[in-house]
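What follows is a set of notes on a single structure, which appears directly below.
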Number of protein chains: 2
Amino acid sequence: MQNSEAMALSAALLAAAGGLTQRIHEGVVARGFEGLRPAHGFAFARLAPDGATVTDLAAHLGVTKQAASQLVDEMVRKGYAERRPHPDDARARLVVLTVRGWECTRAAEEAAAEAVREWGDTLGEREVRALGEQLLRIAPHGSIRPAW
Amino acid sequence: MQNSEAMALSAALLAAAGGLTQRIHEGVVARGFEGLRPAHGFAFARLAPDGATVTDLAAHLGVTKQAASQLVDEMVRKGYAERRPHPDDARARLVVLTVRGWECTRAAEEAAAEAVREWGDTLGEREVRALGEQLLRIAPHGSIRPAW
DNA sequence: CGAGGTGGTCAAGTAGCTTGACTATGTAGT
DNA sequence: ACTACATAGTCAAGCTACTTGACCACCTCG
């Protein structure tokens, strides 16, 4: 495979990722959740299961804890998350999603599903599944956010 | 397909795109081209064929022309591009890559090819080709940079 | 040739990060 | 049990890559 082909493949991957991100963002806005940027999505993903500390969130987002704290401030101010005392550590605070935060998470999932469904119309559902598996195998482990 | 699966697929796509971007960036740095951020790559891609005006570049990057001009300033200062008078329009200036700019473009291609070759080791070259075609079909047309 | 559109720059402001310094709390060593 | 160090979080200040607004030079079309 030639270098130019690799570049074309790379461009396609980045364009697909960018397009998907935009689709999800638009879908979230359309469902009434405003004041959020795509970057918040990665925070939601980390907070969704059981909450997380600011430091933990910072590590998974690849930013300083000050930046993560600022992001949490914003999410709290807009009603998507809240800070609760940490059960096991008096220094730490557990950041958890509010009801509205969970609703927003579902909205993002719906928007993603909508985009993926359209891919199914184009490629066929079988191919989309295969695509997902292949992407999983080439994606680096542990990285949450794209960071460019 | 359930919403949670769509979300997993989305995460895989974004992770793959982020990983690739980082790989290319590291490869470019390793080949001796410093002071560049991934965002510059999209500018290189637009300038490579025949050069472009600042306004044109801005449109394709999805930023204001002031921001694009600033990006060009930086590339000029670091020796990757230069502004030449536009042959057909005395208002405009044609931004073209320097020799070093072309070398850097080749370095990025090599780095991308290296990453794609590893995908070939994992998935098989046939699958990688199919992946590229599928991504092309689901990627929105005309968008250059991810913009999140 | 005059009116409006377009290419580019200068200037000022903003958002989202950074580094640095600090307090409070947890943890390990002797 | 006390000391020493590590860790969670915040406050403050600074930086950088953008933005909006204003402006000039030059095209284009009536």
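Chain letters run A, B, ... following the sequence lines, proteins first, then strands; residues in each count from 1.
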Please check the phosphate of dG8(C) (OP1 and OP2 only) for any side-chain N or O of T53(B) closer than 4.0 Å.
yes

Closer than 4.0 Å, any side-chain N/O of R37(B) to the OP1 or OP2 of dA17(D)?
-> yes

Exercise for review: Scan A90(B) against the nucleic acid and name what it touches under 4.0 Å (heavy atoms): base, sugar-phosphate only, or nothing.
Suggested key: sugar-phosphate

Atom NZ of K65(B) and atom P of dA22(D) are separated, to the nearest Å, by 14 Å

Q70(A) atom CD is separated from dA15(C) atom P, nearest whole Å, by 11 Å

| query | Are the side chain of S10(A) and the backbone of A6(A) linked by a donor-acceptor contact shorter than 3.5 Å? | reply | yes

**Item:** H86(A)-R93(A) side chain donor-acceptor pair, cut-off 3.5 Å
**Value:** no

If the cut-off is 4.0 Å, is R91(A) near the phosphate of dT27(C), judged by side-chain N/O to OP1 or OP2? no

- Task: Give a yes/no answer on whether the side chain of S69(A) brings an N or O atom under 4.0 Å of OP1 or OP2 in dT10(D).
- Result: yes

Taking only side-chain nitrogens and oxygens of R83(A), does any of them come within less than 4.0 Å of OP1 or OP2 of dT10(D)? yes

H86(A) atom NE2 is separated from dT10(D) atom P, nearest whole Å, by 13 Å

task: Would you kindly confirm whether V96(B) and L57(B) end up in one hydrophobic cluster when ILVMFWY residues are joined by side chain heavy atoms under 4.5 Å apart?
output: no

- Considering just the side-chain nitrogens and oxygens of T55(A), establish if one lies under 4.0 Å of OP1 or OP2 belonging to dG9(D). yes

In whole angstroms, the gap separating P of dG8(C) from CG of D89(B) amounts to 8 Å

Give a yes or no on whether a donor-acceptor pair under 3.5 Å exists between the nucleobase atoms of dT18(C), that is its base, and the side chain of Q66(A). no

H40(A) NE2 to dC17(C) C1', in whole Å, measures 13 Å

Rounded to whole Å, the CG-P distance (D73(A) to dG9(D)) equals 12 Å

message = Using a 3.5 Å distance criterion without hydrogens, assess whether the side chain of T53(B) forms a donor-acceptor pair with backbone atoms of L94(B).
response = no

- Message: What's A92(A) touching, base or sugar-phosphate or nothing? Going by heavy atoms closer than 4.0 Å.
- Response: sugar-phosphate

Between G35(A) and H40(A), the two heavy atoms sitting closest are O-CE1, 4.2 Å

To the nearest angstrom, the CG-P distance between L36(B) and dA17(D) comes to 12 Å

R93(B) CZ to dA25(D) P, in whole Å, measures 15 Å

